[in-house]
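Source: prediction; values computed, not measured.
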Amino acid sequence: LATFADCCDVVTYEFENVPAEAAAILSEHKPTNPGAGALAVAQDRLAEKGFVRGLGLATAPFADAGSAETARAGFAALAHGPAVLKTRRLGYDGKGQALVRTADEAAAAFERFGGAPAIIEGFVNFAFEASVVGARATDGSFAASDPPENIHEHHILRRSIVPGRLDRAQADAAKAIAKRIADALGLAVDELDGKAERRLLGDLAELAAEPLLAALRLDPGSAADLAGRHPGWSRALVALHRAWLDRGRAVNALTDRLHQ
C-alpha cells in the first residue's frame with residue numbers, strides 16, 4: 001500500500017467495499033478522500049444508522065442482530081409489523097436482506113445468512129425513494145443536485161427521474177440533511193425515503209468519490225418524456241447518461257485487457 005501511495009498524488013475510491021484499514025494506511029502517505037473514518041461508517045449498516053441518529057436525524061427503528069437470539073429480541077423490540085433483516089456489511093440490490101414478519105423468521109433469516117453480523121430494521125411503508133447526490137469541499141463548501149425519484153424493479157435501481165415528487169420545501173430539507181451528514185463525514189451520498197406522511201428519514205447510503213456525478217439510468221421512454229417536458233436541460237441529462245455509458249464501456253475494455 002505504501003508503494004502504491006508513492007505512485008499517487010491523491011487517492012480516492014468509488015464505493016464503500018474498500019477495507020477502511022487500507023484507506024487509513026494510504027492517508028498516512030497521500031491525501032485520501034473520502035477518509036477512513038467516513039468509510040468505516042458507510043460500510044457498516046449498524047454504525048451507519050447509529051451515526052445518522054447521533055446527528056439528531058430520524059431513521060427507521062433498528063436494533064443489533066449479532067446472533068439468532070438478538071435477531072429475535074430485536075424483532076420484538078421493534079414492536080410493530082414486519083421488519084427487514086440485513087447483513088451489516090456487503091449485500092446490495094436486495095442481496096443479504098430478508099423481509100421478516102415474526103421473531104422466528106428473523107432468527108431463521110440470520111441463520112440463512114450464515115451467521116453474518118446483521119441489523120434488523122422496522123419496515124418503512126414509504127411512498128417512494130429519493131436520493132441527494134452532494135459533495136463537500138475541503139473548505140467546507142457544499143453543493144447538491146436536485147433529488148431524483150428512484151424506481152426499483154426486483155430490488156435493483158431501474159431509473160432515476162428528475163424532477164421527482166418531492167416539492168421544493170422537501171427537496172431543500174433533503175439537501176439540508178445531506179449537508180449535515182457531509183459536514184460530519186466529508187463527501188457523501190444521502191438517500192432518503194419519502195414517506196406517505198411526508199416525513200423524511202435520513203439514511204446514509206454510500207460514499208461518492210466523484211462529486212456531483214449522477215449516473216442516471218434513463219430508458220428511451222423516460223428520455224423522450226423528459227425531452228418533451230424540459231427540452232433544454234433534459235438534453236444535458238441524456239448527454240450525461242451517454243457519458244456514463246461510455247465510461248462503463250471504457251472500464252470494461254480495460255478490464256478485459258488486464259485479464260488477457
*Between the main-chain N or O of I161 and the side-chain N or O of E149, is there a donor-acceptor pair closer than 3.5 Å?*
no

*Are the charged groups of E121 and K49 less than 4.0 angstrom apart, N to O?*
yes

*Backbone N or O of V10 within a donor-acceptor pair of the K30 side chain at under 3.5 Å?*
no

*Kindly work out whether a path of hydrophobic side-chain contacts (I/L/V/M/F/W/Y, heavy atoms less than 4.5 Å apart) joins L78 to V100.*
yes

*Measure across A83 and I120 and return the closest heavy-atom pair with its distance rounded to 0.1 Å.*
CB-CG1, 3.9 Å

_Between E105 and R101 (side chain of the first, backbone of the second, donor and acceptor by atom type, cut-off under 3.5 Å), is there such a pair?_
yes

*asked:* Tell me whether R112 contacts the main-chain N or O of A107 through its side chain, where contact means a donor paired with an acceptor under 3.5 Å.
replied: no

*Side chain Q43, main chain V18, donor-acceptor under 3.5 Å*: yes

_If we ignore hydrogens and angles and just use 3.5 Å, is the side chain of T12 paired with the main-chain N or O of N33 as donor and acceptor?_
yes

*asked:* Are F128 and L166 packed together at the side-chain level, in the sense that at least one heavy-atom pair is separated by less than 4.5 angstrom?
replied: yes

*Does a side-chain N-to-carboxylate-O contact under 4.0 Å join D146 and R168?*
yes

*Evaluate the side-chain proximity of R72 to D104: yes if any heavy-atom separation is below 4.5 Å, no if none is.*
yes

*Should F62 and V52 be regarded as members of a common hydrophobic cluster, given that ILVMFWY residues are connected when their side-chain heavy atoms come within less than 4.5 Å of each other, either directly or indirectly?*
no

*Taking the side chain from E111 and the backbone from A108, do they hold a donor-acceptor pair closer than 3.5 Å?*
no

*Which heavy-atom pair separates A103 from F75 by the least distance, and what is that distance?*
N-CD2, 3.5 Å

*Checking R180 side chain against L55 main chain: does a donor-acceptor pair fall under 3.5 Å?*
yes

_Shortest non-hydrogen separation from A24 to S27 and the atoms involved_ = O-OG, 2.6 Å

*Can you name the closest pair of heavy atoms from T32 and A23 and give their distance?*
CG2-O, 4.1 Å

*How far apart are the closest heavy atoms of T87 and R89, and which atoms are they?*
OG1-O, 3.0 Å

_For A38 against L185, the heavy-atom pair lying closest together_ = CB-O, 3.4 Å

*Flag yes if L26 and Y13 sit in one hydrophobic cluster, no otherwise; membership is Ile, Leu, Val, Met, Phe, Trp, Tyr, and two members link when side-chain heavy atoms are under 4.5 Å apart.*
no

*Are I177 and V41 connected in the hydrophobic side-chain network, where two residues link if heavy atoms are under 4.5 Å apart?*
yes

